[in-house]
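Down below is the structure, laid out as C-alpha cells.
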Number of protein chains: 2
Amino acid sequence: MKIMHKEHILTKNQQIIFDLIDKSPEPMKAYSILFNVQKKGIKAPLQVYRALDKLVEIGKIHKIESRNAFIACHNSSCQVANATAFSICEICEKVTEISSVGLSKYLANFKDKDGMKYSKYNLEFFGLCKKCTLK
Amino acid sequence: MKIMHKEHILTKNQQIIFDLIDKSPEPMKAYSILFNVQKKGIKAPLQVYRALDKLVEIGKIHKIESRNAFIACHNSSCQVANATAFSICEICEKVTEISSVGLSKYLANFKDKDGMKYSKYNLEFFGLCKKCTLK
DNA sequence: TACATAGTGTTATATTATAACAATCTAAAT
DNA sequence: ATTTAGATTGTTATAATATAACACTATGTA
C-alpha cells in the first residue's frame, strides 16, 4: 500500500485552493471554489480542477463522489490517499471522514469471490447526523 | 432496513431504458443511453434522467458514482437498493457488483465513533481485474 | 366522475469537467 | 551560468453531466 507523504510543497494555486477547502466546514464544489478564489487571480475552471486533481492525488483533500465536492483530509492517521470512508447526512449534508482502524483493516483485507484484494476504495455511508436525528 | 420489492411495473420509458442497461456488459452513461434510445422516441436528457432516477430508487439499477454511469442490479440477493458495493478495474473499467454476505453484514452493522449506524452506503473498490492483472 | 399521484414531452439552462496550446517556472545536471 | 525535462500556469473554447419550469397525459382509486 502506497504511503502518501504529506510534506509536498504546494504551488501557489494549490495552496490557495487547499487553504480555502481546509477552512471550509463543509465540502466545497469546484465552481464555488472558483468563485471564492477569483479575487486571488484564479480565473478559470481549469486552474481550479488542476489544483484539485493534484491535491487529491497527494491526499491533502478527498472527493466526495456522490456530491461532486471536496473536503480537506483531517484524518491524521490517513496517510493513505486512496482508502477513504465518509458519513454523509442526507438532511444537512454534513460530511465527516471516518477514521476507524477496524473498518480500514477490514476493507483493505477484503477479498472478493475471486480472491482479489483491493487496497484502494471509497466508501460513503448515508444517514442522519446526530443533530438531524433529534429534529 | 427497507426491503425494495422488484415487482414494480415499469413504465414505457423506464422499461426501454432498463432493458438497454440490463443488456449492456458495462455501465452506461446517461447521454450514451439517450443516444441509444432516440430511435425509440426518447429524445431529451430529462426523459432519461427521470427514468434513471426511478430505476435507481426501486433498486433495478445502481449508479457508479465515481464514473457517473449506471448498471443493472444483477445481484439476486440484493433486495436492498441502498447497500451497494462494486469493484472497478482501473484499466479496462470493468465494473462488478460485489455480493458478499460478510461485507454487507459488516457494513450494515458498522458503527462510527458516535455509535451511529448507517444502513445505506455505497462502496467502490478500485484495482485491476484478473485479465488486466495478467497483462 | 373527480381527485390525487406519477409520468411525459418540451425548451431552456445550470452545473461539472476537459481539450488544446502556448508560455512560464523550477530543479537538477551539465 | 546554461540547458534540459517536467510540472505548472493562463487562456479560450467546448464537452459532458444534470436540473428547472411548465403544460399536458395517463393511471389508479374513492
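Chain letters run A, B, ... following the sequence lines, proteins first and then strands; every chain starts at 1.
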Would Y31(B) count as stacking on dT17(D) if stacking means ring centres less than 5.5 angstrom apart and planes tilted under 30 degrees?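 Taking the rule of under 5.5 Å and under 30°, the ring of Y31(B) does stack on dT17(D).
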Measure from the ring centre of Y49(A) to the centre of the six-membered ring in the base of dT18(C), then say whether that distance is under 5.5 Å and the planes meet at under 30°.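 Y49(A) ring does not meet the centre or angle cut-off for dT18(C); no stack.
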Has [X] got a side-chain N or O lying under 4.0 Å from the OP1 or OP2 atom of [N]?
X: K29(B); N: dT17(D); result: yes
X: T11(B); N: dT8(C); result: yes
X: K54(A); N: dT9(D); result: no

Starting at [atom1] of [X] and ending at [atom2] of [N], how long is that distance when rounded to a whole Å?
X: K12(B); N: dT25(D); atom1: NZ; atom2: P; result: 15 Å
X: I64(A); N: dT16(C); atom1: CD1; atom2: P; result: 14 Å
X: L34(A); N: dA14(C); atom1: CG; atom2: C1'; result: 15 Å
X: E65(A); N: dT16(C); atom1: CD; atom2: C1'; result: 12 Å
X: R67(B); N: dT17(D); atom1: CZ; atom2: P; result: 13 Å
X: Q14(B); N: dA26(D); atom1: CD; atom2: P; result: 16 Å
X: L10(B); N: dA26(D); atom1: CG; atom2: C1'; result: 16 Å
X: N68(A); N: dA18(D); atom1: CG; atom2: C1'; result: 10 Å

[atom2] on [Y] to [atom1] on [X], rounded to 0.5 Å:
X: I17(B); Y: L52(B); atom1: CD1; atom2: CG; result: 5.5 Å
X: M116(B); Y: F110(B); atom1: CE; atom2: CZ; result: 12.0 Å
X: T133(B); Y: I91(B); atom1: OG1; atom2: CD1; result: 8.0 Å
X: Y118(A); Y: E90(B); atom1: OH; atom2: CD; result: 10.5 Å
X: I21(A); Y: H62(A); atom1: CD1; atom2: NE2; result: 11.5 Å

Hey, can you pull the donor-acceptor pairs under 3.5 Å for the side chains in residues 121-129 of chain B, sequence neighbours left out?
{"unit_1": "N122(B)", "atom_1": "OD1", "unit_2": "T84(B)", "atom_2": "OG1", "d": "2.8"}
{"unit_1": "N122(B)", "atom_1": "ND2", "unit_2": "E124(B)", "atom_2": "OE2", "d": "3.0"}
{"unit_1": "E124(B)", "atom_1": "OE1", "unit_2": "S66(B)", "atom_2": "N", "d": "3.2"}
{"unit_1": "E124(B)", "atom_1": "OE1", "unit_2": "S66(B)", "atom_2": "OG", "d": "2.7"}
{"unit_1": "E124(B)", "atom_1": "OE2", "unit_2": "E65(B)", "atom_2": "N", "d": "2.8"}

Stepwise side chain to side chain contact (heavy atoms under 4.5 Å, CB included) check, L34(A) with Q38(A): CA-CA 6 Å; L34(A) 175 58; Q38(A) 273 177 333; 4.0 Å; yes
Taking it one step at a time, do M28(A) and N36(A) satisfy side chain to side chain contact (heavy atoms under 4.5 Å, CB included)? CA-CA 10 Å; M28(A) 293 195 76; N36(A) 275 276; 3.9 Å; yes
The helix from dT1(C)-dA30(D) to dT30(C)-dA1(D): angle between end helix axes, five pairs per end, rounded to 10 degrees: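 The helix from dT1(C)-dA30(D) to dT30(C)-dA1(D) shows an end-to-end axis angle of 30°.
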Nearest to the R50(B) side chain among dA21(D), dT17(D), dT8(D), which nucleotide is it?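 In terms of side-chain proximity for R50(B), the closest of dA21(D), dT17(D), dT8(D) is dA21(D).
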Listed nucleotide nearest any side-chain atom of N13(A), set dA17(C), dA18(D), dT9(D):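 For the N13(A) side chain, the nearest candidate turns out to be dT9(D).
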Expected output is a numbered-order residue list: members of residues 35-48 of chain A with a heavy atom under 4.0 Å from any atom of DNA chain D. What is it?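 Residues of residues 35-48 of chain A that come under 4.0 Å of DNA chain D are, in numerical order, K43(A), A44(A), L46(A), Q47(A).
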Could you go through the side chain to side chain contact (heavy atoms under 4.5 Å, CB included) check for I88(B) and K94(B) one step at a time? CA-CA 6 Å; I88(B) 303 171; K94(B) 178 178 162 68; over 6 Å; no
Hey, does the side chain of D112(B) reach the backbone of D114(B) with a donor-acceptor pair shorter than 3.5 angstrom?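 Looks like yes, one N/O pair under 3.5 Å.
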